[in-house]
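Data first, discussion second: the structure below is written as structure tokens.
Just so we're clear, the structure is a prediction, and the values are computed from it rather than from any experiment.
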Amino acid sequence: MLHGFAAALFSAIGFQTAFAAVITVSPSDNLNEIISQAQAGDTLKLASGVYKTKIVIDKPLTVEGPADRSAVIEGDRTGRTVSVTAPDSVVRNLTVRGSGMDLAGMDAGIYLEETAANALVEKNDILDNSVGVYLHGPKDAMVRDNKIVGNAELRVNERGNGVTVWNAPGSQVVGNDISKGRDGIFSNASTFNIYKGNRFHDVRFAVHYMYTNDSEVVDNISVGNNIAYAMMFSDRIKVRGNIAVMSRDQGIMLNYVNQSEVRDNVIYHADKCLFAYNANNNKILGNHFEQCKIGIHFTAAIVGTELTDNSFINNESQVKYVSTRFLDWSEDGRGNYWSDNSAFDLDGDGFGDSAYRPNGITDQIIWRAPVARLLMNSPAVSIVKWAQSQFPAIMPGGVVDSKPLMRPHQNPTMPFYLKNKTAMLEAAKQTKSAWAGQANE
């Protein structure tokens, strides 16, 4: 009896597979009519050309064009150009453009409804839309290897995001090139997401991340944006292996981010390499912070934070932390590397023989009155610095690294960064948006 049931089930599956059709479509055909007549599991092969229509994929179909993306689905500047409401649907190798521009109406080039679980959007050119791809609730959807370009004629706050993710548990955004939008990826009220291997340029925030718990932002590149990785109101997240060069404001922002890990990132040239506000019980490990006005700026609480194996190189101020509380930024006998630390290592163990204090009375004076930097090499300031080193009791509180590293830590992201640094800096100079003129418009 069991064998008979298994045979019947196999036969039913074989029947469905055998009758899944491959349907060739040309621009002169009525694409919506073909979709309505297609059966679940069919593949629609679109020939090169422009299809002036909006489509709704309401059954599990594969809609794909040639590999050169020369099949163009062009909307009429209203609503959503491609809407997907069926699970297990695939949109591949298309150029999608011309959505409406109503942000409140969730207009998008490609829109995935909550019912579109396991949908795949890959290898498309998604151009000149409001939101490029909108994930409005689908579970385990994948947006992969697309080129997404927004409408640069609009002011920044009028543009949509490259990818918007709302309450889409398990969905991923991987390997996309995203530019000219408001934010590259805007993630809100979701869980267990992965945003990996994307490249962002000419956007406000590369990744804007709110109320998205138990998720990962990994191996992304941000070039010349306002803030690279703005992580907000989220717990148990991983921000790992990302690169940000030439960020106007911050490389990484942690705003009410707790119980999370920030590891092996490279931040080069920003107002603040890392800014943390009310972020507690985090691990900040193995990051490279270089040529920022401030290496790390902590404000509000910083309870339970582990901070070690980071490299602070040629930042104007390595640390800004105003508090009467003392913090030792070393764990298990390992601290961080500080390029301005002139300590000796007489026993050759790789650690400075004396503790490093990146902020003292003179630093706090400069934070409050930056023009005082002109006096840094004066005899009076030298006396104050000497007094602090000899009499720690007069220190105002702040950060101390009791086991500073004598050499920079080489994290796994560094080889790729060093190989591509020149190209990324050149790209930042050529393509950086004029944020000063429109950031707040």
Side-chain angles (χ1 to χ4, degrees), residues 27 31-32 46 49-57 63-65 68-85 89-113 116 119-138 141-166 168 171 173-188 195 198-208 225 431 433 438:
L31 182 54
N32 282 290
L46 274 60
V50 178
Y51 299 74
K52 290 183 176 293
T53 186
K54 298 182 294 187
I55 64 173
V56 177
I57 302 173
V63 180
E64 66 180 26
D68 63 359
R69 309 179 188 183
S70 57
V72 180
I73 299 183
E74 183 174 292
D76 59 3
R77 278 288 179 231
T78 64
R80 302 152 187 169
T81 305
V82 176
S83 296
V84 182
T85 62
S89 300
V90 178
V91 179
R92 178 188 294 127
N93 291 345
L94 301 175
T95 293
V96 179
R97 66 191 187 204
S99 80
M101 290 292 164
D102 183 358
L103 291 174
M106 297 185 286
D107 289 354
I110 300 176
Y111 175 87
L112 305 185
E113 185 54 86
L120 172 61
V121 177
E122 70 171 354
K123 299 181 180 178
N124 302 285
D125 285 347
I126 304 169
L127 314 174
D128 191 18
N129 300 286
S130 178
V131 174
V133 182
Y134 204 126
L135 277 62
H136 192 245
M142 171 67 80
V143 179
R144 181 171 63 201
D145 296 335
N146 303 282
K147 180 180 180 181
I148 303 174
V149 183
N151 186 333
E153 295 180 0
L154 298 173
R155 296 184 301 174
V156 173
N157 284 349
E158 294 174 340
R159 303 177 193 175
N161 305 305
V163 180
T164 294
V165 179
W166 180 84
S171 293
V173 182
V174 177
N176 303 280
D177 187 289
I178 301 177
S179 63
K180 306 292 186 182
R182 180 168 55 180
D183 296 335
I185 299 173
F186 176 63
S187 180
N188 190 19
Y195 308 133
N198 302 286
R199 183 182 177 93
F200 307 94
H201 49 104
D202 288 301
V203 296
R204 183 184 65 161
F205 301 166
V207 179
H208 189 184
N225 302 308
T431 65
S433 296
Q438 55 180 322

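Residues I185 and F200 meet the side-chain proximity criterion, which asks for heavy atoms closer than 4.5 Å. Side-chain atoms of D183 and V203, non-hydrogen and from C-beta on, never get closer than 4.5 Å to each other. By the 4.5 Å heavy-atom criterion applied to side chains, V133 and N124 are not counted as neighbours.
Rounded to the nearest 0.5 angstrom, L94 CG and I55 CD1 are separated by 7.5 Å. Going from atom CD1 of I126 over to atom CD1 of I110 covers 4.0 Å, rounded to the nearest 0.5 Å. For the atom pair H136 NE2 and R80 CZ, the distance stands at 8.0 Å (nearest 0.5 Å). Note that CG of N157 and CZ of R182 are 6.5 Å apart. Values are rounded to the nearest 0.5 Å.
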Open item on the list: Run R97 and V50 through side chain to side chain contact (heavy atoms under 4.5 Å, CB included) and show every step you take.
Closed with: CA-CA 10 Å; R97 66 191 187 204; V50 178; 4.3 Å; yes
Open item on the list: Between H201 and D177, is the side chain to side chain donor-acceptor pair (under 3.5 Å) condition met? List the steps.
Closed with: CA-CA 8 Å; H201 49 104; D177 187 289; 3.0 Å; yes
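For the side chain to side chain contact (heavy atoms under 4.5 Å, CB included) criterion with L120, the lone passing option out of L112, V91, V84, V90 is V90.
When atom types are taken as modelled, the side chain of N32 and the backbone of K54 share a donor-acceptor pair closer than 3.5 angstrom. Listed for the N198 side chain is no donor-acceptor partner under 3.5 Å among the backbone atoms of I178. Of the possible polar contacts, none joining the N146 side chain to the I148 backbone as a donor-acceptor pair under 3.5 Å is found. In this structure, the side chain of N129 engages the main chain of G98 through a donor-acceptor pair within 3.5 Å. Side chain of R92 to backbone of K123: no donor-acceptor contact under 3.5 angstrom is found. When atom types are taken as modelled, the side chain of R159 and the backbone of L154 share a donor-acceptor pair closer than 3.5 angstrom. At least one donor-acceptor pair closer than 3.5 Å links the side chain of S99 to the backbone N or O of S130.
Counting all heavy atoms, side chain and backbone alike, N176 lies closest to V143 at ND2-O, 3.1 Å. Considering every non-hydrogen atom in both A141 and L135, the closest pair reads CB-CD2, 4.1 Å. Taking each heavy atom of T81 and G75 in turn, the nearest pair found is CG2-N, 3.7 Å. Taking each heavy atom of Y195 and S187 in turn, the nearest pair found is OH-OG, 2.7 Å. Here the closest heavy-atom approach between residue V156 and residue R204 is recorded as CG1-CB, 4.2 Å. Pairing each heavy atom of L127 with each of K147, the nearest pair is CD2-O, 4.2 Å.
Using a 4.0 Å cut-off between charged nitrogen and carboxylate oxygen, D128 and R77 count as a salt-bridge pair.
Using the six-membered ring where Trp is involved, Y111 and Y134 have ring planes that are tilted, between 30° and 60° apart.
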